[in-house]
Number of protein chains: 2
Amino acid sequence: MFVEIDFNSDEAIYLQLCNQIIYGIATSQLQEGENLPSVRELAENIGINMHTVNKAYSILKQEGYLKLDRRKGAVIAIDINKLQAKNEMRDEMRYVLAKAFCKNISCEEAKDIVNEIFNEFAK
Amino acid sequence: MFVEIDFNSDEAIYLQLCNQIIYGIATSQLQEGENLPSVRELAENIGINMHTVNKAYSILKQEGYLKLDRRKGAVIAIDINKLQAKNEMRDEMRYVLAKAFCKNISCEEAKDIVNEIFNEFAK
DNA sequence: TATCTGTTATATATTTAGTATAACAAACAT
DNA sequence: ATGTTTGTTATACTAAATATATAACAGATA
């Protein structure tokens, strides 16, 4: 796997896992229908506890990025609720952009960065 | 003050405080040079502990939004390090936009929301 | 002098995060 | 059939983060 955990980060391990898997889907390093490692395997691989991986997978399932199946394990399966996703994005973005605005970053500069990041994603 | 704490949120109180004060600056409800309430006063006002407010103020100071003065108290004073601010924004934005991309939100739609939010700010 | 600032210190309770074992039922390969 | 692998659940524990409660200090101020 491409996952890299920073154990010195102040961000919780399970959140780092969630974010990196979502980023992996966006950059199509992980594709719809593809299997993730089992909770035990990934935990072993990273060197963390099974339950920490399980927590990440459960959240990703609840947020509509995975389906968990006893036979096949964790499978990428995007459930799209665009309206909800947009509202969540707006709420998260509000504080990120407030910081930017206070630091004299313009709307144009912010949108340039949005372009930049979208170019990292699959076309 | 305009601060509203959601005690049922999973977000820490001191973080809610930081975010709302930054948003307050961006929307010019708080202006450069203006005084914030003292840590004791704001704590009393919201109904939380003095140290929780103090933690928020200390972080805002360290991130360059406030100066703390024994005589005048906490004063809005923006320290602009644009390059650093841009890099931080990019890192925070990356995972917000990865989520959006997975949910079929387009680059244009994301930029529309950036416009929308910037319109909430002072001109 | 009394009061208000931020600041620091100590102690404590609560919650969250992470680990450690263990067990279960469903699926599956041999 | 047997043994293994899947997610899932339960319990117990440690450590860290969060929030509260008092208390005290030095500098500034009225």
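A, B, ... follow the sequence lines: proteins, then strands. Residue 1 opens every chain. Only this structure's heavy atoms are used, side chains among them; waters, hydrogens and symmetry mates stay out.
- Rounded to a whole Å, the CG atom of B:Asn8 is 14 Å from the C1' atom of C:dT15.
- The CG-P distance, from A:Leu66 to D:dT8, rounds to 10 Å in whole Å.
- Comparing atom distances between the B:Glu41 side chain and each of C:dT5, D:dA19, D:dT20 picks out C:dT5 as nearest.
- Between B:Lys55 and D:dT18 there is a side-chain polar atom (N or O) within less than 4.0 angstrom of OP1 or OP2.
- Taking only side-chain atoms of B:Tyr14, from C-beta outward, the nucleotide of C:dT7, D:dT8, D:dA19 with the closest atom is D:dA19.
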(request) Check step by step if salt bridge (Lys or Arg N to Asp or Glu O under 4.0 Å) holds for B:Lys99 and A:Glu88. (result) CA-CA 10 Å; B:Lys99 281 190 205 175; A:Glu88 284 173 10; 5.8 Å; no
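- Using cut-offs of 30° and 60° for the angle between ring planes, the B:Phe121 and A:Phe101 rings count as tilted.
- No contact: B:Lys67 has no heavy atom under 4.0 Å from any strand.
- The side chain of A:Asn49 has C:dA20 as its nearest neighbour among D:dG7, D:dA19, C:dA20.
- Annotation: of the two residues near DNA chain D, A:Ala74 and A:His51, the 5′-most nearest-nucleotide partner is A:Ala74.
- The phosphate of C:dT19 (OP1 or OP2) has a side-chain N or O of A:Thr52 nearer than 4.0 angstrom.
- With hydrogens and angles left out, the side chain of A:Arg40 and the base of D:dT8 share a donor-acceptor pair within 3.5 Å.
- Geometrically, B:Lys103 engages A:Tyr65 in a cation-pi contact defined by less than 6.0 Å to the ring centre and at most 45° from the axis.
- Between B:Glu44 atom CD and D:dA19 atom C1' the separation is 17 Å, expressed in whole Å.
- Straight-line distance from the CD1 atom of B:Ile46 to the P atom of D:dA19: 12 Å, rounded to whole Å.
- We find that CD of B:Gln16 is positioned 13 Å from C1' of D:dT18, with the value rounded to whole Å.
- Partner A:Leu36 forms a side-chain contact (heavy atoms from CB on, under 4.5 Å) with one of A:Val53, A:Leu42, A:Ile76 and no other, that one being A:Ile76.
- Distance A:Met50 CE to C:dT21 C1': 10 Å, rounded to the nearest Å.
- If you take CD1 of B:Ile59 and C1' of C:dG6, they are 16 Å apart, rounded to a whole angstrom.
- Note: CG (B:Asp10) to P (C:dA17) measures 9 Å, nearest angstrom.
- At least one side-chain nitrogen or oxygen of B:Ser38 sits closer than 4.0 Å to the OP1 or OP2 atom of C:dT5.
- Mapping B:Val39 and A:Leu15 onto DNA chain C via the closest heavy atom, the residue that lands nearer the 5' end is B:Val39.
- In this structure, OG1 on B:Thr27 lies 10.5 Å from CZ on A:Arg94, to the nearest 0.5 angstrom.
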